There are 2 protein chains.
Amino acid sequence: MIPKTSGSTQKSAVPKSDAVYRILKRAILEQAFAAGAKLPEDSIGERLGVSRTIVRQALARLNGEGLIELRPNKGACVSHPSLEDGHNIFAVRRSLETLVVDSLIGRLTAPMIKELEAHVDAEDMARLNNPSASIQLAGEFHVLLARLTQNAILLRYVTELVSRSSMILSLYGRPHSSDCAVSEHRELIAALARNDREGACKLMDHHIEAITSRALIKGSSENDVSNLLAAYAREEGL
Amino acid sequence: MIPKTSGSTQKSAVPKSDAVYRILKRAILEQAFAAGAKLPEDSIGERLGVSRTIVRQALARLNGEGLIELRPNKGACVSHPSLEDGHNIFAVRRSLETLVVDSLIGRLTAPMIKELEAHVDAEDMARLNNPSASIQLAGEFHVLLARLTQNAILLRYVTELVSRSSMILSLYGRPHSSDCAVSEHRELIAALARNDREGACKLMDHHIEAITSRALIKGSSENDVSNLLAAYAREEGL
DNA sequence: GACGTATTTATTGCATACAATATTGACGAT
DNA sequence: ATCGTCAATATTGTATGCAATAAATACGTC
């Protein structure tokens, strides 16, 4: 009566669209698709061996999370967030991640702290070896913090915001912009560990500010034109 | 060349699933369905004259917004948030709505203030005449504030949180709990109008606190049992 | 040769049909 | 009579087919 814990071809207890969703999400966040790229249902479905129905569901979900845009009768394309979107996203992050820290004060157990430190160690490790994994891990640190709050909706929002932040960074951030985050993460853990609410909140606040300014200093000139056009075009439905 | 602004049978430029989504959302928020009620695709589709495909899309979206729960192979049912969910939701609201107020300081034009005052007048009007519309309007005041920030993602989150708050209130709030909100709304507008950042933030903070405590004082005894069971059941996947 | 229009092609919107899973009810054994 | 098992029913998961809309191409006119 033990449920088959099969090997590779596990009978999925979860809908296929979840798998497609995850694949597409990873592909978008790793910039396998350029911003603005079209995402036709049938080519994706054909490639992944599922029907358009499934792809459609995955696309609808990605649309809900702001990773793609879905215009009626025109199909889906990878989001091309504007600089203004970037500022908005980071403003909300700042607010919510301060709440994360605030919620965590006085509730962090020793194993939780160990988990956080292990994660930052991994970030440190990847910093030199694997730069692309590095930015991924830096984002996941924030998601991990949010998870530790045990606040489901806070976790969902932070996760979504971190994803979208990474799109912003890839569009407007300067290269190597996430390197220096590791030390800030360590300081934050230290403040949390000593239940220093004021300090931890301030650190998080400055940390997000730092990420924001690293990313959005000015309208990194090359993208600015296309982005400006995109903004006008969107208003006209083009 | 004027696009047909037809009467009732307007050629919908928007997908049908949007209409179904809105209908179901309203029905849920107005408590036409009890919390936990099953939402079978067939019967809904049949009733609304659309196929299951459409209903499915609407349900997926509602699931993404936390208004329903969608368990694989088991179908959808109206969410039955726990008291803990309630506290989590209000905690996030408090954080984000403070950001709303903070973003609005120094950016409110005269027409905006007029719009806010008109809204609160409507709240006042409905307070005695139409109690059910009253709670609806009270929520929409917060959505309106969020919209005025021009921060799209902030608006989305606040909208979602207000919806979910209304579910929480209907489950755990005492009757007439939203009556006293109107005066608080007026004070808030006044503080915003005089660009009093400190005062406005504090007012919003206390306002959300007030809503929270009106709603969640304790596990309003009658629902407590069913809710407790629901919490355990959910852990077991039932 | 350039522009506007018609036709063709591609892609999305929707509904239906079939397969897989869960739920319900009936039946028989203890 | 109660429990467990099996069949019947209902509901969800997925794929496919047709209709509607948008995009691309070809054509004719100026």
Side-chain angles (χ1 to χ4, degrees), chain A residues 1-6 9-24 33 36-64 67-79 230 233-238, chain B residues 1 3-4 6 9-24 33 36-64 67-79 233-234 236-238:
Chain A
M1 273 309 197
I2 297 172
K4 258 228 269 263
T5 70
S6 70
T9 55
Q10 183 172 358
K11 184 74 172 303
S12 70
V14 295
K16 283 194 195 179
S17 61
D18 277 28
V20 176
Y21 160 78
R22 276 191 294 272
I23 290 171
L24 289 176
F33 301 109
K38 282 212 65 177
L39 299 169
E41 296 173 2
D42 37 11
S43 35
I44 295 172
E46 197 175 350
R47 180 63 189 78
L48 298 177
V50 297
S51 77
R52 282 180 36 208
T53 311
I54 305 300
V55 178
R56 199 178 224 341
Q57 291 175 32
L59 291 176
R61 195 166 157 196
L62 291 167
N63 177 57
L67 294 184
I68 70 172
E69 281 170 29
L70 210 49
R71 284 177 334 281
N73 288 316
K74 299 265 227 86
C77 62
V78 178
S79 282
R234 201 167 298 123
E235 282 182 9
E236 299 299 324
L238 292 175
Chain B
M1 268 314 195
K4 260 228 273 257
S6 70
T9 56
Q10 184 172 359
K11 184 75 173 301
S12 70
V14 297
K16 282 194 195 181
S17 61
D18 276 28
V20 176
Y21 160 79
R22 276 191 294 271
I23 290 171
L24 289 176
F33 301 109
K38 281 211 67 180
L39 299 169
E41 297 173 1
D42 296 4
S43 30
I44 296 172
E46 198 174 350
R47 180 64 187 78
L48 298 178
V50 297
S51 78
R52 282 180 43 217
T53 311
I54 304 300
V55 178
R56 198 180 228 335
Q57 290 174 32
L59 291 175
R61 194 166 158 197
L62 291 167
N63 177 58
L67 294 183
I68 70 172
E69 281 170 29
L70 212 48
R71 279 161 0 267
N73 289 316
K74 300 266 226 81
C77 60
V78 177
S79 282
R234 201 166 299 123
E236 301 298 324
L238 291 175

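The structure displayed is predicted, hence computed values, not measured ones. Numbers restart at 1 for each chain; the letters A, B, ... are given by sequence-line order, proteins then strands. Quick note: numbers below take in every heavy atom, side chains included, and nothing from hydrogens, waters or symmetry partners.
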What pairs with [X] under side chain to side chain contact (heavy atoms under 4.5 Å, CB included), at least two apart in sequence or on another chain?
{"X": "A:Ser51", "value": "A:Thr53, A:Ile54"}
{"X": "A:Ala76", "value": "A:Leu39, A:Leu59, A:Ile68, A:Leu70"}
{"X": "B:Ala19", "value": "none"}
{"X": "B:Ile23", "value": "B:Leu48"}

Output one line per pair: protein atom, nucleotide atom from nucleotides 23-25 of chain C, and distance, for all N/O pairs under 3.5 Å.
none

Is any side-chain nitrogen or oxygen of B:Arg56 closer than 4.0 Å to OP1 or OP2 of D:dT12?
->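 The answer is no; no side-chain N or O of B:Arg56 sits under 4.0 Å from OP1 or OP2.
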Does A:Ser17 have any side chain to side chain donor-acceptor pair (under 3.5 Å) partners at least two apart in sequence or in another chain, and if so, which?
->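 A:Ser17 satisfies side chain to side chain donor-acceptor pair (under 3.5 Å) with A:Gln57 only.
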How far does CG of B:Leu67 sit from OH of B:Tyr21, to the nearest 0.5 angstrom?
->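 If I round to the nearest 0.5 Å, the distance is 7.0 Å.
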Name all pairs fulfilling the salt bridge (Lys or Arg N to Asp or Glu O under 4.0 Å) condition that reach into residues 37-47 of chain B, sequence neighbours left out, sorted by first residue then second.
->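 Sorted result for residues 37-47 of chain B: B:Glu41-B:Arg52, B:Glu41-B:Arg56, B:Asp42-B:Arg52.
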Nearest whole Å is fine: how far is [N] [atom2] from [X] [atom1]?
{"X": "A:Leu59", "N": "C:dT11", "atom1": "CG", "atom2": "P", "answer": "14 Å"}
{"X": "B:Glu41", "N": "C:dC18", "atom1": "CD", "atom2": "P", "answer": "18 Å"}
{"X": "B:Leu70", "N": "D:dT12", "atom1": "CG", "atom2": "P", "answer": "9 Å"}
{"X": "A:Ile44", "N": "C:dT11", "atom1": "CD1", "atom2": "P", "answer": "11 Å"}
{"X": "A:Leu48", "N": "D:dA15", "atom1": "CG", "atom2": "P", "answer": "11 Å"}
{"X": "A:Glu46", "N": "C:dT11", "atom1": "CD", "atom2": "C1'", "answer": "13 Å"}

Under 3.5 Å, which protein N or O atoms sit close to an N or O of nucleotides 15-17 of chain C? Give each pair with its distance.
{"unit_1": "C:dA15", "atom_1": "OP1", "unit_2": "B:Lys16", "atom_2": "NZ", "d": "3.0"}
{"unit_1": "C:dA15", "atom_1": "OP2", "unit_2": "B:Ser51", "atom_2": "N", "d": "3.1"}
{"unit_1": "C:dA15", "atom_1": "OP2", "unit_2": "B:Ser51", "atom_2": "OG", "d": "3.0"}
{"unit_1": "C:dA15", "atom_1": "N7", "unit_2": "B:Thr53", "atom_2": "OG1", "d": "2.9"}
{"unit_1": "C:dT16", "atom_1": "O4", "unit_2": "B:Thr53", "atom_2": "OG1", "d": "3.4"}

Heavy-atom pair with the smallest gap, counting every atom of A:Gly36 and A:Cys77 =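 Closest pair (atom of A:Gly36, atom of A:Cys77, distance): O-CB, 3.6 Å.
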Mind listing the closest non-hydrogen atom pair of B:Val50 and B:Lys16 along with its distance?
->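 Looks like CG1-CD, 3.9 Å.
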Closest-nucleotide 5' rank along DNA chain D - winner of A:Pro72 and A:Gln57 =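 This one resolves to A:Gln57.
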